[in-house]
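Computed from a predicted model, the values in this text were never measured in an experiment. Naming: A, B, ... by sequence-line order, numbering from 1 per chain.
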Amino acid sequence: MTTFDANGVTLERIREFVWELPQEGEMRSPARVLASEALLEQISDDKTLEQLRNATHLPGITNYAICMPDGHQGYGFPVGGVGAMDAENGCISPGAVGYDINCGVRMMTTNLTYSDVQGHEEELVDALFDNVPSGLGGGGIVESDVDTVEDVLARGVDWALEHGYAVEEDLLHCEDEGMREGADPSKVTQKAKDRGKNQLGSLGSGNHFLEVQRVTDVFDGEVGEAFGLEKDQIVVLIHCGSRGLGHQTCNDYLRKIEQQHRGLLNQLPDKELAAAPAGSQLAEDYYGAMNAAINFAWVNRQLIMHRTRQVFERVFDRSWEEMEMNLLYDVAHNIAKKETHEVGGEQRELYVHRKGATRAFPAGHPDVPSAYRDVGQPVIIPGSMGAGSYVLRGGEASMDLTFGSTAHGAGRLMSRTQAKQDYWGGDVQQELQDRQQIYVKAQSGATIAEEAPGVYKDVDEVVRVSDALGIGDKVARTFPVCNIKG
DNA sequence: ATGTGC
């Protein structure tokens, strides 16, 4: 049998791109890594595999703890990790959702082509940078009070529709139609709401960005047509999350779990995996608060998209409707959700944790919006700012292999600290412009260094694995035109 | 990811 050894963890090759860590000791399930050998090499000297093994200690973990092709180490649970825990006898873990609750991506299509934008790149990037709030701290598109935040937490994009920041079709092209059931604003702390009230409609920092892109390849014409994608078309990608509100919510519940469920915590190999037992009051409270933070993030991306439409109207002197600036889809890649999956021939209700992983439901699944039901849900996988992105569609194998999930990005190769030692923001920015005609504007040079293309894995390789496994199939590829970030 | 720590 072919094996792969790294950092005291031995993986067995099941078949191409499928590697298994057999169950042993205190593990409650085996673990699986979905990767090529090249991608495995890149996680062989950090804590990714150890964290994946630790995740199998969580109560109620079902089938396998799974690492997507873009996986890398995170807080307790790998980024690129999927863990489905029994919703009655298992648990829910904030560290397996991620600090940035409903960090996610949306893509907006247009009827502009690359030639319409060429020559206007600098004007466009400046206008976007001046009008879309970014960077650390406060200042959003909507300055709200705590009452407004509570409305947003409860209703999600429905709030944006009522206030003229969205049209009906935007809701239909969003997971959960932009409103998570079970959101309970009363379970979000006052401190979290205070942090969120002046951040509605802001990108934030780190890997968050707004990027104008052009479609360079359509691999599947039929699905491309269903998604409204054509070669040379201009699209806009928005990547951000729930800002300080989600971060505070994660932190608040980690502390509460540490206080109230010490027994379970002491059984786990890593304190960062802190989990609330399914059925406990705290599990219900976290789920209500997390769902509310999910709604906040959806409104955040909606407001940024609304502002982007206005910026394009000014730059191109046409209405956004005329430019057909429609939402293709919005995907969440840091969430947990109660879902029903077939396990060993029976239907089971599970808390599916996707941390740096994207839902990838195939054609025919009732949760895929009707516009895409025949082809599968759109999956958006951003690469680095020098590489562009992919649009996939949920693959037939995802329900069997990954609880309906695939990758969420290229995946980091090195820490932010290391990145700042290796790169200088201004140089990276200049090179992108000179060599690839990509215009980048950021609040901080340090952010550009931290997000330099060289700190990311090869998104082509990540997507190759997803496509080959049939969990997410290639539909189209894009390349950056201009990018704004924090 | 983050008013850039526990």
Side-chain angles (χ1 to χ4, degrees), chain A residues 51 70-81 93-105 133-140 143 146 149 188-200 202-210 238-259 262 265 270-272 274 289-290 293-294 296-298 300-301 304 331-336 353-358 382 384-385 408-412 414-421 425 442-451 455-456 485-486:
Chain A
Q51 290 183 337
D70 56 333
H72 60 92
Q73 71 176 47
Y75 178 89
F77 192 93
V79 176
S93 170
V97 170
Y99 258 91
D100 190 4
I101 296 167
N102 192 5
C103 183
V105 202
S134 65
L136 284 170
E143 295 298 316
V146 169
V149 169
V188 175
T189 63
Q190 197 60 42
K191 191 175 179 184
K193 289 171 190 165
D194 279 334
R195 285 184 70 174
K197 71 185 177 193
N198 66 347
Q199 297 183 325
L200 264 177
S202 64
L203 278 175
S205 185
N207 63 358
H208 291 160
F209 62 81
L210 184 157
I238 295 165
H239 178 205
C240 62
S242 51
R243 303 294 329 277
L245 183 140
H247 187 270
Q248 188 66 46
T249 300
C250 180
N251 213 36
D252 289 339
Y253 280 91
L254 284 170
R255 299 296 89 81
K256 287 180 203 193
I257 290 168
E258 286 166 8
Q259 287 163 12
R262 284 220 79 82
L265 188 65
D270 183 351
K271 177 169 101 54
E272 293 183 356
M290 182 203 64
I294 285 172
F296 184 92
W298 272 325
N300 193 24
R301 290 197 285 278
I304 291 168
V331 297
H333 57 223
N334 270 14
I335 52 100
H353 298 68
R354 296 189 183 92
K355 178 188 187 180
T358 313
S384 75
M385 60 182 161
H408 85 307
R412 289 193 82 84
M414 65 175 83
S415 69
R416 298 185 177 281
T417 314
Q418 182 66 47
K420 278 181 283 197
Q421 286 166 13
Q443 297 287 348
S444 142
T447 303
I448 300 181
E450 289 172 1
E451 296 299 317
V455 317
Y456 281 95
K485 51 208 300 98

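Listed by chain and number, the residues in a salt bridge (Lys or Arg N to Asp or Glu O under 4.0 Å) with A:Lys191 amount to none (sequence neighbours excluded). A:His408 pairs by the ring-ring contact (aromatic ring centres under 6.0 Å, His included) definition with A:His333, not counting sequence neighbours.
Within 4.0 Å of A:Lys191, counting heavy atoms only, lies at least one base atom of the nucleic acid. Counting any heavy atom pair closer than 4.0 Å across all strands shown, A:Ser205 reaches sugar-phosphate atoms only and no base atom. Residue A:Gly241 is classed as having no contact, given no heavy-atom separation below 4.0 Å to the nucleic acid. Among the heavy atoms of the strands, none lies under 4.0 Å from A:Glu450.
In terms of position on DNA chain B, the residue among A:Tyr75 and A:Tyr99 whose nearest nucleotide sits closer to the 5' end is A:Tyr99.
As rounded to whole Å, 10 Å separates atom P of B:dT2 from atom CG of A:Asn300. Following rounding to the nearest Å, A:Asn198 (CG) and B:dT2 (P) show an atom-to-atom distance of 13 Å. In this structure, A:Asn251 atom CG and B:dC6 atom C1' are separated by 10 Å, rounded to whole Å. The interatomic distance linking A:Gln248 (CD) with B:dC6 (P) rounds to 13 Å, in whole Å. B:dT2 atom C1' lies 9 Å from atom CG of A:Asp100, rounded to whole Å. When rounded to the nearest whole Å, the span between CD of A:Glu272 and C1' of B:dT2 equals 15 Å. Taking atom NE2 on A:His247 and atom P on B:dT4, their separation rounds to 9 Å, with Å as the unit. For the pair A:Phe296 CZ and B:dT2 C1', the computed distance is 13 Å after rounding to whole Å.
Judged purely by distance below 3.5 Å, without hydrogens or angles, the side chains of A:Tyr99 and A:Asn334 never pair a donor atom with an acceptor atom.
A salt bridge is defined here as a Lys NZ or Arg NE, NH1 or NH2 lying under 4.0 Å from an Asp or Glu carboxylate O, and A:Asp252 with A:Arg255 fails to meet this definition.
OP1 and OP2 of B:dT4 both lie 4.0 Å or more from every side-chain N or O belonging to A:Arg416.
Here the CZ atom belonging to A:Phe77 is positioned 9.5 Å from the CD atom belonging to A:Gln51, to the nearest 0.5 angstrom.
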